[in-house]
Q: 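Handing you this structure, nothing more for now.
For this chain, numbers begin at 1 and follow the sequence in order.
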Amino acid sequence: VQLQASGGGLVQAGGSLRLSCAASGSIFAISAMSWYRQISGHQREWVAGITNSRSTNYADSVKGRFTISRDSARTPMYLQMDNLKPEDTGVYYCNAVHRELYWGQGTLVTVSS
């Protein structure tokens, strides 16, 4: 499985961004996907996850502001991020589970105050 993350950028606090994670390879064998982020000086943290049955979960810090989605195995996974805060600034990574864990490269999100 290969993953390509995109959509990061610079946005003002209160603004929105949508991240995409496109998968290739054994896409029909992926059982779950997630977004993580790494904020400067901190360990990588889990942000949100979605299963093949479209069950979703969110970290408390983003609940109500972020929405994870993936319509089918053929479509990208998205992370719609609304009401962004400066503390959301960081490098966002996507991953996928298929026998093992696969990671995409990060995409930088910068939220200015």
Q: Taking distance alone, no hydrogens or angles, what donor-acceptor pairs closer than 3.5 Å link side-chain atoms of residues 99-113 to residues at least two apart or in another chain?
A:
from	atom 1	to	atom 2	distance (Å)
Gln105	OE1	Ala5	N	3.3
Gln105	NE2	Ala5	O	2.7
Thr107	OG1	Gly8	N	3.0

Q: With rounding to the nearest 0.5 Å, note down the distance linking CZ in Arg44 to CZ in Arg37.
A: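 Result: 13.0 Å between the selected atoms.
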Q: Do Glu45 and Ile39 have side chains that get closer than 4.5 Å, going by heavy atoms?
A: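 Yes, side chains in contact.
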Q: Are Ile30 and Met77 side-chain neighbours, meaning at least one heavy-atom pair lies under 4.5 Å?
A: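 No - every pair of side-chain heavy atoms lies 4.5 Å or more apart.
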Q: Can a donor-acceptor pair be found, under 3.5 Å and without considering hydrogens, that links the side chain of Arg70 to the backbone of Arg54?
A: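 No; zero donor-acceptor contacts below 3.5 Å.
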Q: Among residues at least two apart in sequence or on other chains, which ones pass side-chain hydrogen bond (donor to acceptor under 3.5 Å, both in side chains) with Gln2?
A: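 Counting only residues at least two positions away or on another chain, Gln2 forms a side-chain hydrogen bond (donor to acceptor under 3.5 Å, both in side chains) with Ser24.
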Q: Taking the side chain as every heavy atom from C-beta outward, state whether Tyr58 and Arg65 have any pair of such atoms under 4.5 Å apart.
A: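 No - every pair of side-chain heavy atoms lies 4.5 Å or more apart.
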Q: Side chains of Met33 and Ile68, heavy atoms from C-beta outward: is any pair under 4.5 Å?
A: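 SC-SC contact between Met33 and Ile68 ruled out.
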Q: Could you tell me the separation between the NZ atom of Lys63 and the OG atom of Ser61, rounded to the nearest 0.5 Å?
A: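 Here the interatomic distance stands at 9.5 Å.
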Q: Taking all non-hydrogen atoms of both residues into account, name the closest pair between Trp35 and Ser20 and its distance.
A: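 Closest approach of Trp35 to Ser20, heavy atoms only: CH2-O, 3.5 Å.
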Q: Could you pull out all residues at least two apart from Asn95 that satisfy side-chain hydrogen bond (donor to acceptor under 3.5 Å, both in side chains)?
A: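 For Asn95 there are no side-chain hydrogen bond (donor to acceptor under 3.5 Å, both in side chains) partners, ignoring immediate neighbours.
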Q: For residues 77-100, pull every pair meeting ring pair (Phe, Tyr, Trp, His ring centres under 6.0 Å), keeping only residues two or more places apart or in separate chains.
A: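 The answer is none; no pair qualifies.
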Q: Would you give the length of the straight line joining atom OG1 of Thr56 to atom CZ of Phe66, rounded to the nearest 0.5 angstrom?
A: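 One gets 14.0 Å once the value is rounded to the nearest 0.5 Å.
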Q: Nearest heavy-atom pair of Leu3 and Ala96: which atoms, and what distance?
A: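 Between these two residues, the closest heavy atoms are CD1-N, 3.6 Å.
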Q: Is there a chain of hydrophobic side chains (I, L, V, M, F, W, Y, each step under 4.5 Å between heavy atoms) that links Val91 to Val47?
A: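 Different hydrophobic clusters.
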Q: Enter the distance from Ser34:OG to Ile50:CD1 here, rounded to the nearest 0.5 Å.
A: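 Ser34 atom OG to Ile50 atom CD1 measures 9.5 Å (nearest 0.5 Å).
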Q: Would you say Tyr36 and Leu17 are hydrophobically clustered, going by side-chain heavy atoms of ILVMFWY under 4.5 Å?
A: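 No.
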Q: Which pairs of donor and acceptor atoms, one on a side chain in residues 79-86, lie under 3.5 Å apart (sequence neighbours left out)?
A:
from	atom 1	to	atom 2	distance (Å)
Gln80	NE2	Asp82	OD1	2.9
Asp82	OD1	Ser16	OG	2.7

Q: Just to verify, what does Ser55 make a side-chain hydrogen bond (donor to acceptor under 3.5 Å, both in side chains) with, not counting sequence neighbours?
A: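 In terms of side-chain hydrogen bond (donor to acceptor under 3.5 Å, both in side chains), with neighbours along the sequence ignored, Ser55 is linked to no residue.
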